[in-house]
Asks: 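Shown below is the structure under consideration.
Every heavy atom of this structure was used, including side-chain atoms; hydrogens, water molecules and symmetry mates were not.
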Amino acid sequence: MKRWLSNAEESLGNHSDRLNAINIFPVADGDTGTNLYLTVCAAARAVHDAETTDLGELLAIAGRAAMEDARGNSGTLIAVFLSAVAEPLKGTTRLTSRLLAAAMHRAQIRSWSALSDPVPGTMLSVLEAAAHGAAKTAGEHETDESNHALALTLQAAVECALAAVVDTESQLGALTEARVVDAGGVGFLLILDALRAASLGEELQDELLDGLHGYDIQAPHIHGGADTDGVEIMFTMNLSPLDAATLRLHLDELGDSVIMSAVTEVEEGYRWRVHVHVVDPEPALKLIHEAGNPDNISLTQLSSSDDDAAGEPVLEGHGQ
């Protein structure tokens with residue numbers, strides 16, 4: 001698992017520029033690759049010196065670190081994915097076909113439910129396809145806990161994820177118009193192939209992305225700086241489930257791309273990681289402070305008339 005996160009960090013680092021270039025949805029701000037890379041870096045760094053042999057415990061550490069330091073929509077969803085995958089693996093010391101399928105299924109449910117308005121043709125669709133592929137193959141080898149069965153299940157998950165990435169181009173109008181696949185979906189595919197490679201002691205499949213629309217090295221730099229104004233707000237906050245649901249409802253009224261996921265259980269309920277895009281940050285910030293005491297608030301400009309300013313943080317701090 002440590003090797004998985006390290007491999008994923010390396011792979012995303014190598015591909016971040018291309019992922020940024022095809023970043024069209026939900027906002028064409030050219031940072032999906034960077035966000036995924038930095039989020040996975042946080043996860044890999046957190047588990048580097050962990051001594052546990054419990055897979056669930058190790059990945060829970062990774063998920064919490066990723067959640068606290070998640071960047072953007074894509075990074076937040078990967079943090080949710082890691083946290084969810086950890087749950088069925090708690091108390092286990094070896095990955096099997098059956099456990100992988102259970103972990104992928106749990107991640108699919110958690111990831112779709114974290115968003116107020118989940119959209120097909122994104123990382124969510126790729127994760128769903130991978131989970132279905134893993135479940136089908138694991139079901140065919142239900143009592144087989146061999147490495148061979150695990151290899152078949154991992155490969156099926158990767159193949160289904162790749163097919164889903166290809167399909168994203170026809171599922172979202174913005175991707176169809178630009179003739180590209182979804183950047184977040186490609187990033188998740190890279191992370192999944194890193195898991196396959198690490199689990200089986202194999203190399204990453206360099207040819208995996210060959211032929212994906214917009215991904216060839218000679219393809220143009222596609223995103224154009226976006227004409228959507230607004231700010232991305234991210235923070236963590238301790239809330240009861242009821243207060244969290246209320247906050248989500250109000251944030252849905254003010255903005256979009258709302259993602260809320262529980263990080264850890266606390267006395268008040270849960271510690272939540274929250275992500276939202278808004279046109280005007282002031283009403284949202286007022287609402288957030290009325291709901292509780294936010295930590296690690298960051299505000300990032302989604303787009304700007306000055307291309308050099310796009311994607312730059314405009315405020316970062318603790319409880320501000």
Asks: Set out, in order, the CA-CA distance, both residues' side-chain angles and the distance that settles side chain to side chain donor-acceptor pair (under 3.5 Å) for Thr32 and Asn23, then state yes or no.
Replies: CA-CA 6 Å; Thr32 288; Asn23 174 199; 3.1 Å; yes

Asks: For Ser257, does its backbone N or O pair with a side-chain atom of His275 as donor and acceptor, under 3.5 Å?
Replies: yes

Asks: Decide side chain to side chain donor-acceptor pair (under 3.5 Å) for Asn20 and Thr34; before the verdict, give the C-alpha distance in whole Å, the side-chain angles of both, and the deciding distance to 0.1 Å.
Replies: CA-CA 7 Å; Asn20 288 343; Thr34 302; 3.0 Å; yes

Asks: In Å, rounded to the nearest 0.5 Å, how long is the span from CG of Leu162 to CG of Leu212?
Replies: 6.0 Å

Asks: Do Val47 and Leu5 have side-chain heavy atoms sitting under 4.5 Å apart?
Replies: yes

Asks: Report yes if some heavy atom in the side chain of Arg273 is under 4.5 Å from a heavy atom in the side chain of Met234; otherwise report no.
Replies: yes

Asks: So how far is it from Leu150 CG to His148 NE2, rounded to the nearest 0.5 Å?
Replies: 11.0 Å

Asks: Does a donor on one side chain sit under 3.5 Å from an acceptor on the other, for Thr236 and Arg271?
Replies: yes

Asks: Please step through side chain to side chain contact (heavy atoms under 4.5 Å, CB included) for the pair Glu145 and Arg98, ending with a clear verdict.
Replies: CA-CA 8 Å; Glu145 296 195 349; Arg98 176 182 57 81; 3.9 Å; yes

Asks: Should the heavy atoms of other residues, nucleotides or ligands under 6.0 Å from CD of Glu290 be counted, would the total exceed 12?
Replies: yes

Asks: Would you say Leu190 ends up clustered with Leu204 if hydrophobic residues are merged whenever their side chains have heavy atoms under 4.5 Å apart, either directly or through other cluster members?
Replies: no

Asks: Under the 3.5 angstrom rule, does the side chain of Thr168 hit a backbone N or O of Val165 as a donor-acceptor pair?
Replies: yes

Asks: Quickly, which of Val85, Leu99, Leu95 forms a side chain to side chain contact (heavy atoms under 4.5 Å, CB included) with Leu55? Name it, please.
Replies: Leu95

Asks: Does the side chain of Thr300 come within less than 4.5 Å of Val231's, by heavy atoms?
Replies: no

Asks: Closest approach of Phe81 and Ala107, non-hydrogen atoms and distance?
Replies: CD1-CB, 3.5 Å

Asks: To the nearest 0.5 angstrom, please state how far the CG atom of Asp193 sits from the CH2 atom of Trp4.
Replies: 12.0 Å

Asks: Does the Ser83 side chain pair with the main chain of Val80, one donor and one acceptor, at a distance under 3.5 Å?
Replies: no

Asks: Given side chains that start at C-beta, do those of Ile288 and Phe235 come closer than 4.5 Å, heavy atoms only?
Replies: yes

Asks: Using a distance-only test with no angle check, is there a side-chain donor-acceptor pair under 3.5 angstrom linking Glu57 and Thr52?
Replies: yes

Asks: Determine whether the side chains of Ser240 and Asp243 contain a donor N or O and an acceptor N or O closer than 3.5 Å.
Replies: yes

Asks: So, Ser116 versus Arg248: side-chain donor-acceptor pair below 3.5 Å or not?
Replies: yes

Asks: Shortest non-hydrogen contact from Ala114 to Ser261?
Replies: CB-CB, 4.4 Å

Asks: Ignoring hydrogens, what is the shortest heavy-atom contact between Ile297 and Leu299? Give both atom names and the distance.
Replies: CG2-CD1, 3.4 Å

Asks: If we ignore hydrogens and angles and just use 3.5 Å, is the side chain of Asn238 paired with the main-chain N or O of Glu268 as donor and acceptor?
Replies: no

Asks: Using every non-hydrogen atom in the two residues, find where Ile24 and Ala174 come nearest and quote the distance to one decimal.
Replies: CG2-CB, 3.6 Å

Asks: Quick one: does Met237's side chain get under 4.5 Å of Asn293's, heavy atoms only?
Replies: no

Asks: For Leu38 and Asp69: C-alpha separation, side-chain torsions, deciding distance, then whether side chain to side chain contact (heavy atoms under 4.5 Å, CB included) applies.
Replies: CA-CA 8 Å; Leu38 292 175; Asp69 204 28; 5.8 Å; no

Asks: Keeping Trp272 on the side-chain end and Leu239 on the backbone end, is there a donor-acceptor pair under 3.5 Å?
Replies: yes

Asks: Determine, step by step, whether Ser74 and Met123 satisfy the side chain to side chain contact (heavy atoms under 4.5 Å, CB included) criterion, reporting the C-alpha distance in whole Å, the side-chain angles of both residues, the deciding distance to 0.1 Å, and the verdict.
Replies: CA-CA 8 Å; Ser74 54; Met123 185 193 300; 3.9 Å; yes

Asks: Counting only N and O atoms by type, is there a donor-acceptor contact under 3.5 Å from the side chain of Thr92 to the main-chain atoms of Arg94?
Replies: no

Asks: Please answer whether the main-chain N or O of Leu58 pairs with a side-chain N or O of Lys2 as donor and acceptor at a distance below 3.5 Å.
Replies: no

Asks: Would the distance check show the side chain of Ser11 and the main-chain N or O of Asn7 forming a donor-acceptor pair, the cut-off being under 3.5 Å?
Replies: no

Asks: Mind checking the CG-OG1 spacing from Leu77 to Thr122? Nearest 0.5 Å is all I need.
Replies: 7.5 Å

Asks: Are Glu169 and Glu177 side-chain neighbours, meaning at least one heavy-atom pair lies under 4.5 Å?
Replies: no

Asks: Might you point out which heavy atoms bring Ala130 and Phe188 nearest each other, and give the distance in Å?
Replies: CB-CE2, 4.3 Å

Asks: For the residue pair His277 and Ile233, establish whether any side-chain heavy-atom pair is separated by less than 4.5 Å.
Replies: no

Asks: Compare all side-chain heavy atoms of Leu59 with those of Leu89 and state whether any distance is below 4.5 angstrom.
Replies: yes

Asks: If Ile, Leu, Val, Met, Phe, Trp and Tyr residues are connected whenever their side-chain heavy atoms lie under 4.5 Å apart, and connections chain through other members, are Val263 and Ile78 in the same group?
Replies: no

Asks: Tell me if a side-chain donor or acceptor on Thr176 pairs with a main-chain N or O of Leu172 at a distance below 3.5 Å.
Replies: yes

Asks: So if you build clusters from Ile, Leu, Val, Met, Phe, Trp, Tyr with side-chain heavy-atom gaps below 4.5 Å, do Leu200 and Leu100 land together?
Replies: yes

Asks: Take Arg196 and Glu202 through the test salt bridge (charged side-chain N to carboxylate O under 4.0 Å, His left out) and record every step on the way to the result.
Replies: CA-CA 8 Å; Arg196 180 203 59 78; Glu202 298 180 0; 2.7 Å; yes

Asks: Just how far is it from atom CG of Leu82 to atom CE of Met1, taken to the nearest 0.5 Å?
Replies: 10.5 Å

Asks: Grab the two heavy atoms, one from Ala262 and one from Met67, that are nearest each other, plus how far apart they are.
Replies: O-CE, 4.2 Å

Asks: Hydrophobic cluster membership, with links at side-chain heavy-atom distances under 4.5 Å among I/L/V/M/F/W/Y: are Leu19 and Val166 in one?
Replies: yes

Asks: Is it true that a side-chain atom of Gln301 and a backbone atom of Gly230 form a donor plus acceptor pair closer than 3.5 Å?
Replies: yes

Asks: At what distance, to the nearest 0.5 angstrom, does NE2 of His15 lie from CG of Leu189?
Replies: 9.5 Å

Asks: Taking everything shown except Glu140 itself, do over 12 heavy atoms lie less than 6.0 Å from its CD?
Replies: yes

Asks: Is Val186 reachable from Leu195 through a run of I, L, V, M, F, W or Y residues, each pair having side-chain heavy atoms under 4.5 Å apart?
Replies: yes

Asks: Using the salt bridge (charged side-chain N to carboxylate O under 4.0 Å, His left out) rule, take Glu68 and Arg64 through it: C-alpha gap first, then chi angles, then the decisive distance, then the call.
Replies: CA-CA 6 Å; Glu68 292 285 357; Arg64 285 194 297 270; over 6 Å; no

Asks: Under the salt bridge (charged side-chain N to carboxylate O under 4.0 Å, His left out) criterion, do Arg110 and Glu87 qualify, and how do the steps go?
Replies: CA-CA 11 Å; Arg110 281 280 304 275; Glu87 294 171 7; 2.4 Å; yes

Asks: Should Asp256 and Asp117 be marked as a side chain to side chain contact (heavy atoms under 4.5 Å, CB included) after you check the CA-CA gap, both sets of side-chain angles, and the distance that decides it?
Replies: CA-CA 8 Å; Asp256 54 27; Asp117 186 23; over 6 Å; no

